[in-house]
There are 2 protein chains.
Amino acid sequence: MTIGRPLQHQPEAALKAAIQTFWRYGYYHTSMRDLLDAMALSRSSLYQAFGNKEALFLLALNNYRDELLANLAEKLKASPNAWSFIDQLLTSAADTQSEQASLGCLLFNSATELGGEDSLPAQTARDSVAKVTAFFYDVIERAQRVGSIDASRDPKSAAQFLTFSMSGLRLLMKSGASKQEAQQTVGYILRGLA
Amino acid sequence: MTIGRPLQHQPEAALKAAIQTFWRYGYYHTSMRDLLDAMALSRSSLYQAFGNKEALFLLALNNYRDELLANLAEKLKASPNAWSFIDQLLTSAADTQSEQASLGCLLFNSATELGGEDSLPAQTARDSVAKVTAFFYDVIERAQRVGSIDASRDPKSAAQFLTFSMSGLRLLMKSGASKQEAQQTVGYILRGLA
DNA sequence: CCATTTTTGAACCAATTGTTCCATAATCAT
DNA sequence: ATGATTATGGAACAATTGGTTCAAAAATGG
């Protein structure tokens with residue numbers, strides 16, 4: 001079996017805490033002290049378990065993205081068709097007033113914060129956004145096959161519009177728009193997309 | 001006349017340099033060293049002329065917003081009507097591949113970075129975004145009077161949709177979308193808005 | 001020459017940054 | 001129990017953070 005002193009923390013739980021912290025403060029503005037407090041482990045444990053700040057951030061980003069995509073796939077599967085999935089997705093994004101919703105999306109936030117850097121975190125952030133867009137590409141194609149979306153439309157740009165819309169919606173919620181206003185905004189999006 | 005040694009730097013030029021720096025790195029990730037280098041000032045000159053980092057950032061934010069709004073107002077005035085202004089605005093935003101365009105908008109970036117903080121910089125960032133939306137509100141009403149936009153639509157949510165769209169477009173450009181793709185995205189926006 | 005103001009550069013501050021290292025602790029295998 | 005192995009706690013690290021203060025030099029107007 002395993003040799004040596006056993007872990008006294010749950011790496012997954014610690015990672016979740018790290019995600020929350022990066023989510024709230026962004027990459028640069030999150031200090032190691034913040035992470036240590038949130039993850040509830042000692043300095044050396046963190047470095048031994050996760051390497052360093054950058055490596056931890058990359059892990060957090062990938063974990064967040066995987067979970068997000070898994071969640072989307074699940075919801076798509078549960079939807080009667082692709083169009084209603086899109087509708088539901090936007091509507092619920094505009095409806096949730098949770099504290100998490102007001103944080104925006106970690107992926108979009110990171111892509112915005114890290115901008116055009118050529119660092120690994122920046123590349124990973126952009127790449128993660130691209131992966132979400134790729135998922136939407138698939139959804140758009142399905143909706144086109146059923147006829148909910150004009151088949152003549154380029155699915156790639158439509159997918160980008162959807163990513164774009166999710167990003168904008170998050171900013172809107174962050175700016176403190178009301179549910180009602182957000183719902184109306186969803187109306188504009190759906191009208192543009194159909 | 002003025003007594004004493006005259007200023008050896010142009011405060012406006014220095015402020016522009018500061019804006020560029022905050023634009024590129026964000027508020028927190030910009031250090032005083034970065035600012036000193038970019039503004040080509042000595043430490044004490046900066047503190048004497050601008051106070052401190054936060055004050056300088058607030059000044060930069062307000063200056064950027066004022067210039068942005070002045071620019072928008074000018075373009076609106078030069079447009080034959082409100083609708084063509086909106087069209088032009090989105091189209092040109094999707095067309096410019098300049099380095100500045102890839103930085104996004106300082107206002108949106110700051111609002112995203114500072115999130116829900118209750119600090120003065122965060123408040124100012126949100127407030128600046130709101131001012132842009134207020135400008136769009138006026139534009140929408142004009143377009144409704146001429147009939148380019150359905151008069152039954154709520155101008156406030158339409159204005160928010162426009163702000164939202166500009167924000168999303170910036171993220172799209174930052175992610176490296178092609179001109180062609182961005183232009184198609186503009187098509188979705190205009191279709192949703194009309 | 002004097003008063004006024006800016007500039008320069010250094011020094012300093014306390015706090016924070018991310019990181020490294022070492023002794024100690026806790027487990028398993030022998 | 002002993003030794004190997006791994007985790008932990010905490011000190012210590014050097015570098016940088018934003019911010020302040022100081023003294024001396026420089027450049028203007030009166």
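No hydrogens, no waters, no symmetry mates; every other heavy atom, side chains included, goes into these values. A, B, ... follow the sequence lines: proteins, then strands. Residue 1 opens every chain.
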(message) So, does A/S31 get its side chain near the phosphate of C/dT16, meaning an N or O under 4.0 Å from OP1 or OP2?
(response) no
(message) Regarding A/K131 and A/D127, does a basic nitrogen lie under 4.0 Å from an acidic carboxylate oxygen?
(response) yes
(message) Tell me whether the side-chain N/O atoms of A/S42 come closer than 4.0 Å to OP1 or OP2 in D/dT8.
(response) no
(message) Without decimals, in angstroms, what is the distance between B/L35 CG and D/dT17 C1'?
(response) 13 Å
(request) Figure out the CG/P separation between A/L41 and D/dT6, and round it to whole Å. (result) 19 Å
(request) Find the distance A/K53:NZ to C/dT20:P and express it as a whole number of Å. (result) 15 Å
(request) Indicate, with yes or no, if the rings of A/Y188 and B/F161 have centres closer together than 6.0 Å. (result) yes
(message) Does C/dT8 have its OP1 or OP2 closer than 4.0 Å to a side-chain nitrogen or oxygen of B/S45?
(response) yes
(request) Flag the pair B/T21 / B/D37 as yes when at least one side-chain heavy-atom distance between them is below 4.5 Å, and no otherwise. (result) no
(request) Inspect the contact between A/K16 and A/E67 and indicate whether a charged nitrogen and a carboxylate oxygen are less than 4.0 angstrom apart. (result) yes
(message) Tell me whether the side-chain N or O atoms of B/R43 pair up with the base of D/dG19 as donor and acceptor below 3.5 Å, since no angle test is needed here.
(response) yes
(request) Take the protein atom CZ of B/F57 and the nucleotide atom P of D/dG18, then report the distance between them rounded to whole Å. (result) 13 Å
(request) Could you label the plane-to-plane angle of the A/F22 and A/Y27 rings as parallel, tilted or perpendicular, counting under 30° as parallel and over 60° as perpendicular? (result) tilted
(request) Grab the CE-P distance between B/M39 and C/dT7 for me, whole Å please. (result) 11 Å
(message) Nearest heavy atom decides the nucleotide; on that basis, is A/M32 or A/S44 closer to the 5' end of DNA chain C?
(response) A/M32
(request) Rounded off to whole Å, could you give me the CG-to-P distance for the B/L46 and D/dT20 pair? (result) 12 Å
(message) What is the distance, to the nearest angstrom, from the CZ atom on A/F50 to the P atom on C/dG18?
(response) 16 Å
(message) If the cut-off is 4.0 Å, is A/N52 near the phosphate of C/dT19, judged by side-chain N/O to OP1 or OP2?
(response) yes
(message) For D/dT17 and B/R33 - does any side-chain N or O of the residue sit under 4.0 Å from the phosphate oxygens OP1/OP2?
(response) yes
(message) Can you measure B/Y47 atom OH to C/dT7 atom C1' for me and round it to whole angstrom units?
(response) 16 Å
